[in-house]
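What follows is one structure encoded as structure tokens, with my remarks underneath.
The model shown is predicted, which means the values in this text are computed figures rather than measured ones. For the single chain, residues carry numbers from 1 onward in sequence order.
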Amino acid sequence: RMFPRLFQFFYRIRSIIHRQSQISLYLCDIRGMYLEAVFRFYVLLNHFVGHFFFGLVRFGSFSNTIYRNLALALSKLHINVDITIGFFVGQKNYRLNKLMAEQNDPTADVALLTKSFAQTGNEAGLFEKIDTNIVTSIGDLYDIAVNADGYGPCYSLCRYGIMYNADALEKAGLPAPTSYEGLFDDQYAHMVALPDMTSTAGPYMLVAMAEAMGGSQEDVTPAMELMQAKKDNIDLWYSTSSDVVNAFTTGEANIAVFMDINMPSLTDSGLNMVWVDAAEGSFSAPATANVVKNCKNPELAQLFVEYLISKD
């Protein structure tokens with residue numbers, strides 16, 4: 001009886017997330033990414049009998065409330081499957097360092113990381129290449145989602161740009177922002193939330209600014225100098241998406257470089273949110289699923305990736 005009830009629970013949450021999504025790709029919301037992942041993992045459990053430990057390294061911005069409920073629900077899957085679920089929480093540098101420290105005896109089987117951090121892991125030999133005999137859906141993905149060297153594929157893609165509370169700016173008599181560089185202007189002092197350099201979006205924004213200011217991906221000096229000169233104008237350098245949502249809700253911030261998939265929820269909360277494609281261009285943040293080398297459940301890890309990217 002446990003499986004049907006849990007199936008309905010996960011399926012309903014998953015359906016709500018997909019209905020609210022503004023993007024047609026599989027997963028959009030940071031929290032939605034992981035609900036989808038756990039939903040697919042739950043379906044996968046139906047195919048296995050026995051005891052195993054499956055470790056999942058995930059994004060630290062996943063809602064703690066959702067995490068506790070899902071962990072509790074999954075821990076009760078003992079009728080057909082005896083399973084222990086391990087979630088490892090933390091910022092990306094922490095999670096990558098954990099994988100490196102455990103390289104010879106990893107506790108995780110799958111690591112969900114943004115593309116830049118996954119590439120660092122690939123170069124450090126942390127991950128296995130994808131077994132296409134198991135992950136058969138790899139050929140169904142867009143080219144942008146497939147790793148050219150055969151490592152973990154992208155399973156989610158979201159867009160970053162500028163969003164702002166139009167009512168707050170109108171009340172302050174300020175014009176709408178048009179560029180990342182312009183967010184450091186004195187007129188927007190103490191109104192802006194920007195991604196920390198240890199977050200997903202921080203390095204992307206830095207490079208976009210540097211290129212527009214005459215620098216490059218290798219030379220971000222122009223952008224760094226601006227940030228240093230105007231650092232007192234920025235009160236919030238966020239590391240999780242919940243930081244930004246809370247800042248908009250409380251009025252601590254009225255402008256942010258943020259994911260477009262958060263627009264609907266902020267708008268539904270009563271805020272008059274407006275999206276801006278920055279003059280430097282919007283950027284995407286691909287998330288990848290990676291099989292940890294020397295993990296304890298390599299075949300299950302490969303199957304997890306298959307379920308994560310498959311159409312079914």
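Here Phe258 and Phe248 keep their ring centres 6.0 angstrom or further from each other.
In this structure, Tyr151 OH and Glu128 CD are separated by 8.5 Å, a value rounded to the nearest 0.5 Å. Here the CG atom belonging to Leu96 is positioned 9.5 Å from the OG1 atom belonging to Thr114, to the nearest 0.5 angstrom. To the nearest 0.5 Å, atom NZ of residue Lys296 and atom CG of residue Leu300 are 13.5 Å apart. Separation of atoms CG (Leu236) and CD1 (Ile255) is listed at 12.5 Å; rounding is to 0.5 Å. To the nearest 0.5 Å, atom CG of residue Asp260 and atom OG of residue Ser284 are 10.5 Å apart. The distance from the CH2 atom of Trp237 to the CG atom of Leu194 is 5.0 Å, given to the nearest 0.5 Å.
Heavy-atom neighbours of Glu170 CD from other residues, nucleotides or ligands within 6.0 Å: at or below the threshold of 12. Around CD of Glu123, the count of heavy atoms belonging to other residues, nucleotides or ligands within 6.0 Å exceeds 12. Within a 6.0 Å radius of CE in Met224, other residues, nucleotides and ligands contribute 12 heavy atoms or fewer. More than 12 heavy-atom neighbours from other residues, nucleotides or ligands sit within 6.0 angstrom of CD on Gln187.
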Worksheet entry | Intermediate values then yes/no, side chain to side chain contact (heavy atoms under 4.5 Å, CB included), Leu226 and Met209 | CA-CA 10 Å; Leu226 175 64; Met209 288 175 57; 3.8 Å; yes

Worksheet item: Stepwise, does the side chain to side chain contact (heavy atoms under 4.5 Å, CB included) test hold for Val274 with Met163?
Response: CA-CA 6 Å; Val274 177; Met163 64 174 65; over 6 Å; no

Item to complete: Evaluate the criterion side chain to side chain contact (heavy atoms under 4.5 Å, CB included) for residue pair Leu113 and Asn290; output intermediate values, then yes/no.
Response: CA-CA 8 Å; Leu113 297 166; Asn290 308 276; 4.2 Å; yes

Worksheet item: Would Asp243 and Thr240 count as a side-chain hydrogen bond (donor to acceptor under 3.5 Å, both in side chains) if you check the C-alpha gap in whole Å, the side-chain angles of each, and the deciding distance to 0.1 Å?
Response: CA-CA 6 Å; Asp243 293 340; Thr240 66; 3.2 Å; yes

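Considering every non-hydrogen atom in both Gly161 and Tyr180, the closest pair reads CA-OH, 3.8 Å. Of all heavy-atom pairs spanning Asp109 and Asn297, the tightest one is OD1-N, 3.1 Å. Pro222 and Met213 get closest at one heavy-atom pair: O-CE, 3.4 Å. A pairwise comparison of heavy atoms in Ile130 and Val291 identifies CD1-CG2, 4.3 Å as the closest pair. Nearest heavy atom pair, residue Met273 against residue Leu266, reads CG-CB, 3.8 Å. Minimum heavy-atom separation, Thr249 to Val245: OG1-O, 2.8 Å.
Contact annotation: the side chain of Met227 approaches that of Leu206 to within less than 4.5 Å [non-hydrogen atoms, C-beta and beyond]. Using a 4.5 Å cut-off on side-chain heavy atoms (C-beta onward), Ile309 and Leu141 make contact. Looking at heavy atoms from C-beta onward, Met259 lies in side-chain contact with Cys158 at the 4.5 angstrom threshold. At a threshold of 4.5 Å between non-hydrogen side-chain atoms, the residues Gln119 and Asn147 count as touching. Contact annotation: the side chain of Ile162 never approaches that of Trp275 to less than 4.5 Å [non-hydrogen atoms, C-beta and beyond]. Residues Pro177 and Tyr164 have side chains in contact (heavy-atom distance under 4.5 Å, counting atoms from C-beta outward). Contact check for Gln103 versus Val292: no side-chain heavy atoms found under the 4.5 Å cut-off. Contact annotation: the side chain of Thr288 never approaches that of Pro153 to less than 4.5 Å [non-hydrogen atoms, C-beta and beyond].
Remark: side-chain polar atoms of Asp219 are not paired, donor with acceptor, to backbone N or O of Gly215 under 3.5 angstrom. Without hydrogens or angle criteria, Glu306 side chain to Thr136 main chain gives a donor-acceptor distance under 3.5 Å. A donor-acceptor distance shorter than 3.5 angstrom exists from the side chain of Ser179 to the backbone of Gly182, with no hydrogens or angles considered.
Looking at Asn254, Asn272, Leu271 one by one, the single match for side chain to side chain contact (heavy atoms under 4.5 Å, CB included) with Asp167 turns out to be Asn272. With respect to Glu102, the side chain to side chain donor-acceptor pair (under 3.5 Å) criterion is satisfied by exactly one of Asn97, Thr107, Asn294: Thr107.
Side-chain contact annotation: Ser282 with Asp277, donor-acceptor N/O pair under 3.5 Å present. In summary, the side chains of Ser199 and Asp196 do not present any donor paired with an acceptor at a separation below 3.5 Å, with no hydrogens or angles considered.
Salt bridge present: Asp186 and Lys230 bring a charged side-chain N and a carboxylate O closer than 4.0 Å.
For the pair Lys293 and Phe127, the NZ or CZ position fails the cation-pi test of under 6.0 Å to the six-membered ring centre and within 45 degrees of the ring normal.
Counting only residues at least two apart or in different chains, ring pair (Phe, Tyr, Trp, His ring centres under 6.0 Å) contacts with residues 185-208 comprise Tyr204-Phe283.
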